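Notes follow the structure.
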Amino acid sequence: MLGSIFSVYLSITALLCFVKIRWGIAMFLLYVILVPYISFFSFGQNLFSLIVFVSVFFKYNIKSIIIKPLYPFILLYVVQLFMIPFHDKVPYGFQFNIWRSQFMTILLLPFAAINVLDKDPKALRLFTRVLIIAIAVAIGYSFFLTKMRGFNPYIMAIFSMSGREFDQEYFMAEGGGRVFGRISGVFDHPMTNGLFLSFSLLFLMTKVNFNKLFKNKLLIFFILVNFICIVIIGVRSAIVGLGFGLVMFLLKERKFNVMFAGLFGLVLVLIILSQIPGMEDFTKSIVDPESSNVKGSSLDMRTVQFEGCIDEIQNNFLFGNGFAWTSYYRLNFGTHPTMLAFESLIIMVLCNSGFIGLVLWGVMIFKYLKLVNRKIRLASHKSVLYAFMASYIGYSTITGEYGYLKYFLIFYSLIYMQNIKNISKI
């Protein structure tokens, strides 16, 4: 039943992409965020991304198509494609298939959104409202799940439909210092929920007028609720990742008074939360990563993982073991003896692409920051886009990269195009 509803929804979305493209992209944007599985009759998951991609060329003249906002990320994937022949530990067919799937899933929707935003002045307001609705749903459902520790009816139905197994023990997180367990909300994993909520808070900050702070009471309340939601979902990495972003934003903006006020508010919120029975261990672990009451990654554990990574790529330090080798390994052998689930972007990049891969990611980040610095006019938005990258890299370094770039590019595309089109109010 649920699969049929999704298929009908996507059929209407596909039709609108060729008739009223901004509405089609808006519907797909909402779907991508709120539904972690594409069910389009019996077709493959990436077919719909291809339909959206084709609709852009159907609607607009090829000479008017723009890709510059995505250049750093396209460069990342194109170079990785040409690196594939330099690996020999992963079958080439597997590497090409995963590369194709990631490229389509991560880049095609932002590509379509950017081009619609470039040519349709009404699209930005529509996309922004859709994104805010998705944020509200993600927050609201996460709060709802605090009453259902370990259970997530929506995701359980999605998993059942897609043939995946719901690991209730993991979501319950008994004895892990998480009062409400691990809450994945509308996403298939709590880590994805944590990152999306962190991005959401940064995105909402672009709507705040810091010169008239107390005239944004409703928005400030929304941001506060967003932050509380980040704390209660049981993913401390989300708080740390958000911290990277907020520090970057405040340093770029030089709003030290806001920084001190924010730190005071953060301490106050953590003190209040620590008074909730069972939350004291979790809140303590945020500032004490070595806390014995909350399981997580210690510095010693990270050192062992890095040593295991170096040992794995010793025969090919330059190019690593192959594109998506970490996925190939987990699929065939499960967790690694020392690197476990490859829970760090650095570990994953080294294993998959070697030290050339690290350089490539560094170039991507440099190109991104250079593009933002040159093209974004509004200083606060420039600071937020710096903060997005800091949050994304910080979070991925702690947890690994599991499709997070897709959500990063959704937020980035809207903020970037709002500045390029010089639209100050949404």
Side-chain angles (χ1 to χ4, degrees), residues 13-33 46 48-78 103-135 199-200 202-204 206-207 364 367-389 392 405-426:
T13 301
L15 179 62
L16 285 173
C17 282
F18 291 92
V19 177
K20 200 78 170 178
I21 191 168
R22 74 167 177 268
W23 284 98
I25 301 301
M27 288 182 66
F28 189 46
L29 175 64
L30 187 67
Y31 185 97
V32 164
I33 295 173
N46 286 314
F48 203 85
S49 296
L50 184 60
I51 291 173
V52 170
F53 177 74
V54 170
S55 71
V56 174
F57 290 92
F58 177 83
K59 180 70 175 179
Y60 305 119
N61 188 295
I62 191 170
K63 293 182 178 179
S64 68
I65 300 299
I66 61 171
I67 63 169
K68 191 168 185 178
L70 295 175
Y71 171 73
F73 312 99
I74 294 174
L75 175 68
L76 174 68
Y77 272 91
V78 168
F103 186 89
M104 295 175 73
T105 301
I106 292 171
L107 289 169
L108 295 193
L109 175 58
F111 165 81
I114 283 171
N115 279 280
V116 173
L117 289 166
D118 183 57
K119 298 161 184 66
D120 187 345
K122 295 181 180 179
L124 188 59
R125 183 182 296 272
L126 175 62
F127 290 1
T128 301
R129 288 179 176 178
V130 165
L131 187 52
I132 290 175
I133 289 171
I135 292 171
F199 284 164
S200 298
L202 293 174
F203 175 74
L204 293 173
T206 65
K207 311 302 174 188
M364 182 274 286
K367 293 286 187 182
Y368 169 87
L369 297 177
K370 183 178 179 181
L371 183 65
V372 168
N373 198 49
R374 290 180 59 186
K375 293 293 183 179
I376 304 303
R377 298 182 180 90
L378 196 58
S380 61
H381 285 195
K382 186 180 296 186
S383 300
V384 166
L385 288 177
Y386 270 69
F388 264 102
M389 182 56 77
Y392 168 70
L405 188 57
K406 173 176 69 174
Y407 301 102
F408 173 92
L409 289 179
I410 287 173
F411 287 99
Y412 160 72
S413 299
L414 265 65
I415 298 172
Y416 182 95
M417 292 309 296
Q418 178 180 346
N419 280 265
I420 294 301
K421 305 308 290 185
N422 199 26
I423 301 175
S424 58
K425 294 183 179 180
I426 300 299

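Side-chain atoms are counted along with the backbone in the values below, which use heavy atoms only and exclude waters and symmetry mates. Computed from a predicted structure; not experimentally measured.
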Among Phe111, Phe103, Phe58, Phe28, which one satisfies ring-ring contact (aromatic ring centres under 6.0 Å, His included) with Phe53? Phe111

Check whether any side-chain heavy atom of Leu75 lies under 4.5 Å from a side-chain heavy atom of Met364, and answer yes or no. no

Quick check: do Met417 and Ile66 have side-chain heavy atoms less than 4.5 Å from each other? yes

Starting from the C-alpha separation in whole Å, work towards a yes-or-no answer on side chain to side chain contact (heavy atoms under 4.5 Å, CB included) for Thr13 and Phe48. CA-CA 10 Å; Thr13 301; Phe48 203 85; 3.7 Å; yes

Which atom pair, heavy atoms only, marks the closest approach of [X] to [Y]?
| X | Y | answer |
| --- | --- | --- |
| Ala134 | Leu30 | CB-CD1, 4.1 Å |
| Ile410 | Leu29 | CG2-CD1, 3.5 Å |
| Phe127 | Arg22 | CE1-O, 3.2 Å |
| Asn373 | Lys382 | O-NZ, 3.2 Å |

Kindly indicate, with the supporting measurements, whether the criterion side chain to side chain contact (heavy atoms under 4.5 Å, CB included) is fulfilled by Ile420 and Lys375. CA-CA 7 Å; Ile420 294 301; Lys375 293 293 183 179; 3.9 Å; yes

Look up atom [atom1] in [X] and atom [atom2] in [Y], then write down how far apart they are to the nearest 0.5 Å.
| X | Y | atom1 | atom2 | result |
| --- | --- | --- | --- | --- |
| Leu117 | Leu124 | CG | CG | 5.5 Å |
| Ile114 | Leu109 | CD1 | CG | 9.5 Å |
| Gln418 | Arg377 | CD | CZ | 12.0 Å |
| Lys406 | Ile33 | NZ | CD1 | 9.5 Å |
| Leu126 | Asp120 | CG | CG | 8.5 Å |
| Leu385 | Leu202 | CG | CG | 10.0 Å |

Of Leu414, Leu378, Val372, Thr206, the one forming a side chain to side chain contact (heavy atoms under 4.5 Å, CB included) with Asn419 is Leu378

Is it the case that more than 12 heavy atoms not belonging to Phe18 sit under 6.0 Å from its CZ atom? yes

Heavy-atom neighbours of Leu50 CG exceed 12 at 6.0 Å: yes

Show your reasoning for whether side chain to side chain contact (heavy atoms under 4.5 Å, CB included) applies to Leu371 and Tyr416. CA-CA 10 Å; Leu371 183 65; Tyr416 182 95; 3.9 Å; yes

Is there a side chain to side chain contact (heavy atoms under 4.5 Å, CB included) between Phe203 and Ile135? Walk through the geometry before answering. CA-CA 10 Å; Phe203 175 74; Ile135 292 171; 4.0 Å; yes

Within residues 49-70 or reaching into it, pairs that qualify as side-chain hydrogen bond (donor to acceptor under 3.5 Å, both in side chains) - sequence neighbours excluded: none

Less than 6.0 angstrom separating the ring centers of Tyr412 and Phe388, yes or no? no

Check: Phe411 ring centre within less than 6.0 Å of Tyr392 ring centre: no

